[in-house]
Visitor: 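Here it is, the structure in full.
Residue numbers begin at 1 in each chain, while the letters A, B, ... track the order of the sequences.
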Amino acid sequence: MNQLGFHVESYLILATLLFSIGAVGFLTRRNLLTQLMSVELMLNAVNLVLVAFNRIHVGTMSGQLFSFFIIAVAAAEVAVGLALVLGFYRIRNSVHSDDADTLRH
Amino acid sequence: MQGILKVFPLNDFALIWGILLFPLVGAIVNGIFGKRLGRSAVTLMALTAIGVPFLASVFSYWVLLRAGGDAGHGHEAAKLYVKGWDWMSLSLPQDAGSTQLEVAFSLDGLSGTMALIVTGVGFLIHLYSTAYMAKDPGYHRFFAYLNLFIFSMLVLILGDSLPVLFVGWEGVGLCSYLLIGFWFGEDKNAQAGRKAFITNRIGDFGLLVAMALLLYYGGALDWTSMSSAAESRFLVPIDLSVGVGRPIGAILEWLGLRYVSAASLIGIFIFLGCAGKSAQLPLYVWLPDAMAGPTPVSALIHAATMVTAGVYLVCRMAPVFVLSPAAMFTVAFVGALTAVFAATIAFAQRDIKKVLAYSTVSQLGFMFLGAGVGAFTAGFFHVLTHAFFKACLFLGAGSVIHAMHGRIHDADASQDMRYMGGLRKYMPVTCWTFVAACAAIVGFPGTSGFFSKDEILLKAYTSSVQLPEHSRTLKLGTEDIVLMQWPSWGPAVLFAMGVAGAVMTAFYMSRLFIGIFMGEFRGWTVVAVAAKSADHAHADDGSREHAGHHGPVAGLELEGTKPSESPWQMTLPLVVLGFLAIFAGLLNAPLLKIAPLEHVLAPLFEHLEGVVLRPDSDLLEHQLVWFGVGAFTVGVGAAIWVYHLKQGKPAEEFAARFSGLYRLVLDKWRVDELYQETVIGALEILADMAVWVDKWIVDGVIARVPAFLVSAAGAILRLFQTGRVQAYASFVVLGLVGIGWYLAMPHAELSVLGDAVSGRYVVSASPGLGYTYRWDENGDGKYESNNYLARTSLDLSLGRAERRTIKLEVANVFGRTDEETIVIERPREDKSGGTTRIDVYNDDSGGLQGVVRKPGTANQGKQP
Amino acid sequence: MMTTIGGIYFSVCAIACLVGALITVLARNPIRGALGLLTTIVGIAGLFLLLRAQFMAAIQLIVYAGAVVVLFVFVILLLGADAHDPTGPGKAKLVRVAGGVLLSASVGVAGYLVAPELAEHPMPFVAAPAGHGSVAAVGSLLFTEGLVPFELATALLIVAVVGAIALARGRSENKAVVAEPHATLRLFHGPVHSRDAGYPLPKGTDR
């Protein structure tokens, strides 16, 4: 099958947009859970870029392989991150990231 | 004799080591092990440590006399010499090479006699101290210091060069400090020790400058080199106004002090050192305070030996001194002035040791008077006689104080003349030896003091130091410099001052004797001195013998023993010294035509051309002696009249009438206070200024400003420490953006490698990811190619003094470009004529044998 | 750009991704955010299918949609009402907004830099060989070149599991003897102990 979709630029633009949305969301929202979900968005955007370029360089599967590992790591990261959120909630009774300021001067 | 010379040849006289090392070993053993060894062992060690050097000195002296006798009168002076080791090599200015300083010792007439005095009198005083300090807990420490002093003094005397003498000089200064402050528990004693040391140091500065000058003008510092060709080396003019600035130069010119000869300058600085060590004006202030030390110390150091080191030095440096009438007259005049000045202070003192201290200063003045007019033998003879009678006086005073202390436990009151009197009944031996020594010092005809003082007075009138005719004017450039001559009023003035000093000496010494030994004993009751009762309570803690006793109480009869004679260890030295004080005059009595000492010292001094005697001096000798006798008579007679016949009433009336003057003299003319206000006050002001600078500028500005800057920076940085992850992440993003921008833009950088000799240069561009390059090689501003290629470097060949402009344009993957320009210039040929380095290779092996530096034609300097 | 089925399919998936992302980022209620995330993930999976990455699509759905999002939902449910964002943006809004704006701007600039190059050198999709993106293809690479990372990822996952459990358990030792609160609360809040004194208990705890 050929010419199934747009050119690779479309994928890149989409991925860029997803990444930006995720990054802005991470920087702006103060809910810890929302921040974690934004991080997931960024990771997904990266995955998309990798797989898209793998479609262009068809000789190897490296892009998808790399993407595979990113997913594995992301899963581990989410698990630990949520455990941290729970721990934080236990101490501070909130999931407001502004409350995590013990490192303040 | 021949046998002896085989073992100890004259130029390698190893016995001198024996003389030097015994006291040193004694000091070390007593100092380190003394406490463990116990009293008797320390006594034995100390006495051996000085007895053996005395015997060795006697032996060496005998060898010297025999050797000198063989050489005959008028020849080069005999000298026993031994070399230790090479000390250091100093390079001389003006490319004169270098001189080797050696540690060597020598014994000739002058130093041999001095060594006999030091070890002989020293032995007697050591013996005396075994009884005087018997109850002191610091017994071993005392003898350690005393032995160390003897060692240093011997180094000073026997040193063959000025640096070795200086080592001894400093050593005796140190021991003086240690011994003055022996009872350092009391602050007064420690302060006296410090004062002595610091005043000495001021004089030592003069000595060091003199050493530098000697090295500069003379090139050597040992006695033999100094005396040879002294005239040609040291009679050179120095312009003092060079380098001191205009105003001071103008002042010097106005004072007539602009030009001096090197000999004068050296002489003045040496005399500064002597003034410090031998307590002349203006540096005499430490000697009276030094009486805070134990009496044997005062006898040994501050009467017989250390303070005479200055006179010894002047006599040693005679060959240089006689080249300068100015310096010699300064020495004589200051000596005479000091003699009179110190005598006036001695008139009013009540503490017997203080009277003796000022007497020492005064007698030292006499010695310098003698040496200053060129009569080195006379001055040195006075050193000899003074050692005997002054040591006897001090030891006698110590004996008296020892006896009084048993009765009055206050350290100051037991030395006060007002509580003494009539002690001749209780201490006969002390009394008679004191009489003998007093007779010597006042110049009773026939005693040693008479002969020595008389000789000095005579020479003050008849002797002067003058330069030979051809040396009186020196040339400096085109100017003629007339050196200062012996003033015509000099002899008369010096003689008058000397006679005045002799009269005053006779007066106050008789006053002292009468006050202590004649009349009735006044120490049964002690009148409380109100001002002292506040600080007397622990005054005797200083001696550590009678700690805990209370001081005298007003008007009541004191408990305590009657004053009694001292033990034999104290009276035997007194007797010996008293005997010598009377009869040692026979060693140098020109009046009686016997002068063995003169015979010994003559070879050293007789060929000094600068010393000129009046032609009629032989005649005057018999006339001027009556002045000396007259001085004795007047002085002693007046003292007897005032103090013995009239019980001191005229003196009291005088003090009441001229109470201001009396106060001033009693306060030692307030010289100490003057120094305190001016010199020390100035130093304290400097110290305060330094404190202010430290507090406000160093601490305030230099320490606080950076601290403030740091805390301000910290405050600013603290704003970024919010503790919130998002804020940090934002900064990460900002950094990321910056890095990304830098990476996204291309950067063109060029570097050049090449050398001027061959003219080949390589221009390289820094690599980058996806970079392509475009060059402009010939400097016309247009790129060689339109496309960007992968060429990263350029090879160039430049001619001499050619200049090329290279331009580079870089493009990266994103199509952005950046450019850079560089200018390369190949320098001209180097024809400057600077030193060229020629590497000299060994023909055979091909290795680098050496490097020769050839001067270029442009350099007209010296050949290497 | 030809409107083919592929094009429509791409657009649908892309819109799903974007909408889901926006919902995730903008929603107040975290459950809505989680569901938005789910939408994005499913959209991405669809795009993977379009890019002949069948294995990756499956993995995406199984792991991301099936585990990660579920985990998110669990935690949100556990937090209950407190998972909400209490108030609007407060302190240091400026810094975050600035960061966001800057990021977007820089992304735009990057795009601006890249676009001309891309225009000059287009990268078309070429015919993919058979088996591209299949399990066999990825698997063969995984167990040859990617073996070491694979093992390391295994280790990482074990560590993560253990760590997460350890972190989430909290201080379960030294249980204080107190009146038994509600079971969920007890599991959640851990032991009520004097050491926790000073921290307010959540609302609704009856003590």
Side-chain angles (χ1 to χ4, degrees), chain A residues 2-11 14 16-18 20-25 27-31 33-34 37-38 40-41 44 47-48 51-52 54-56 58 61-62 64-65 67-69 71-76 78-80 82-87 89-91 93-96 98, chain C residues 1 6-7 10 14 17-18 21-22 24-25 30 33 37 40 44 47-48 50-53 56 59 63 67-68 71 75-76 79 82-83 85-86 91 96 99-100 103-104 107 111 118 123 125-129 132-133 137-138 141-142 146 149 153 156-157 160 163-164 167-168 170 190 200 202:
Chain A
N2 46 1
Q3 285 294 48
L4 279 180
F6 291 95
H7 295 284
V8 75
E9 299 91 354
S10 338
Y11 291 94
L14 176 63
T16 310
L17 284 170
L18 279 178
S20 317
I21 292 171
V24 171
L27 290 175
T28 323
R29 294 295 302 269
R30 288 159 314 126
N31 193 328
L33 294 163
T34 312
M37 290 193 271
S38 311
E40 295 308 311
L41 277 181
N44 273 291
N47 279 350
L48 185 61
V51 173
N54 199 13
R55 179 67 179 85
I56 292 182
V58 293
M61 298 305 289
S62 312
Q64 296 189 14
L65 187 65
S67 184
F68 177 82
F69 283 117
I71 292 177
V73 171
V78 163
V80 176
L82 286 172
L84 284 172
V85 168
L86 281 179
Y89 179 78
R90 202 174 291 131
I91 294 176
N93 241 76
S94 89
V95 289
H96 197 133
D98 280 351
Chain C
M1 289 182 258
F10 176 83
C17 290
L18 284 169
L22 286 168
T24 308
V25 169
L37 183 65
T40 304
I44 297 277
L47 288 172
F48 279 176
L50 200 53
L51 288 169
R52 296 212 63 184
M56 288 315 301
I59 293 294
V63 174
V68 171
L71 197 56
V75 171
I76 293 168
L79 290 177
D82 291 313
D85 225 354
K91 339 174 220 185
R96 296 187 305 230
L103 184 71
S104 320
V107 167
L118 213 49
M123 288 186 282
F125 288 129
V126 297
H132 178 94
V138 178
L141 194 63
L142 185 66
L156 174 68
L157 287 169
L167 281 169

Visitor: Side chain, backbone, both or neither: which part of C/Leu71 has an atom under 4.5 Å from a heavy atom of chain A?
Guide: both
Visitor: C/Thr40 versus chain A, heavy atoms under 4.5 Å apart: side chain, backbone, both or neither?
Guide: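 Just the side chain, heavy atoms under 4.5 Å.
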Visitor: Considering only heavy atoms from C-beta outward, does the side chain of C/Met56 approach that of A/Ile71 to under 4.5 Å?
Guide: yes
Visitor: Heavy-atom pairs under 4.5 Å with chain A are the metric here; pick the option from C/Leu142, C/Leu141, C/Leu51, C/Val25 that has the most.
Guide: C/Leu51
Visitor: So, C/Thr24 side chain and C/Leu37 main chain: donor-acceptor pair closer than 3.5 Å or not?
Guide: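 Flag set: sc C/Thr24 to bb C/Leu37 pair under 3.5 Å.
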Visitor: Relative to chain A, which segment of C/Ile44 carries a heavy atom at a distance below 4.5 Å: side chain, backbone, both, or neither?
Guide: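 Contact with chain A involves the side chain of C/Ile44 alone.
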Visitor: Between A/Asn44, A/Ile56, A/Leu14, which has the largest tally of heavy atom pairs under 4.5 Å with chain C?
Guide: A/Asn44
Visitor: Taking the side chain as every heavy atom from C-beta outward, state whether C/Ile59 and C/Val138 have any pair of such atoms under 4.5 Å apart.
Guide: no
Visitor: Under a 4.5 Å heavy-atom cutoff, which of C/Pro129, C/Pro149, C/Gly146 has the most pairs with chain A?
Guide: C/Pro149
Visitor: At a 4.5 Å cut-off on heavy atoms, which part of C/Ala67 comes close to chain A: side chain, backbone, both, or neither?
Guide: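 Nothing of C/Ala67, per the 4.5 Å heavy-atom cut-off to chain A.
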Visitor: In terms of heavy-atom pairs under 4.5 Å, which option from A/Gly25, A/Ala76, A/Gly87 contacts chain C the most?
Guide: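 Most pairs with chain C among the choices: A/Ala76.
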Visitor: Within a strict 4.5 Å, meaning less than it, do heavy atoms of the A/Thr34 and A/Val95 side chains meet?
Guide: no
Visitor: Given the options A/Val73, A/Thr16, A/Asn54, A/Val51, which has more heavy-atom pairs under 4.5 Å with chain C than any of the others?
Guide: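 Greatest number of close heavy-atom pairs with chain C: A/Val51.
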Visitor: Are side-chain N/O atoms of C/Arg52 and C/His132 paired as donor and acceptor at under 3.5 Å?
Guide: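 Their side chains do not contain a donor-acceptor pair, so the 3.5 Å distance test is not met.
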Visitor: Is the backbone of A/Val8 close enough, under 3.5 Å, to the side chain of A/Arg55 for a donor and an acceptor to pair up by distance?
Guide: no
Visitor: Distance check, rounded to the nearest 0.5 Å: A/Leu82 atom CG versus C/Ile76 atom CD1?
Guide: 8.5 Å
Visitor: For residues A/Met37 and A/Arg29, determine if any side-chain heavy atom of one lies less than 4.5 Å from a side-chain heavy atom of the other.
Guide: no
Visitor: Among A/Val80, A/Ile21, A/Leu17, which has the most heavy-atom pairs under 4.5 Å with chain C?
Guide: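 Most heavy-atom pairs under 4.5 Å with chain C: A/Ile21.
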Visitor: With rounding to the nearest 0.5 angstrom, report the CG to OG distance, A/Leu18 to A/Ser38.
Guide: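 Reported value, rounded in 0.5 Å steps: 12.0 Å.
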Visitor: So which part of A/Ser94 gets closer than 4.5 Å to some heavy atom of chain C, the side chain, the backbone, both or neither?
Guide: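 It is neither, since no heavy atom gets under 4.5 Å.
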Visitor: Given the options A/Asn47, A/Leu84, A/Leu41, A/Val78, which has more heavy-atom pairs under 4.5 Å with chain C than any of the others?
Guide: A/Leu41
Visitor: Which region of A/Phe68, side chain (C-beta onward) or backbone (N, CA, C, O), has a non-hydrogen atom less than 4.5 Å from a non-hydrogen atom of chain C, or is it both or neither?
Guide: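 For A/Phe68, backbone and side chain are both near chain C.
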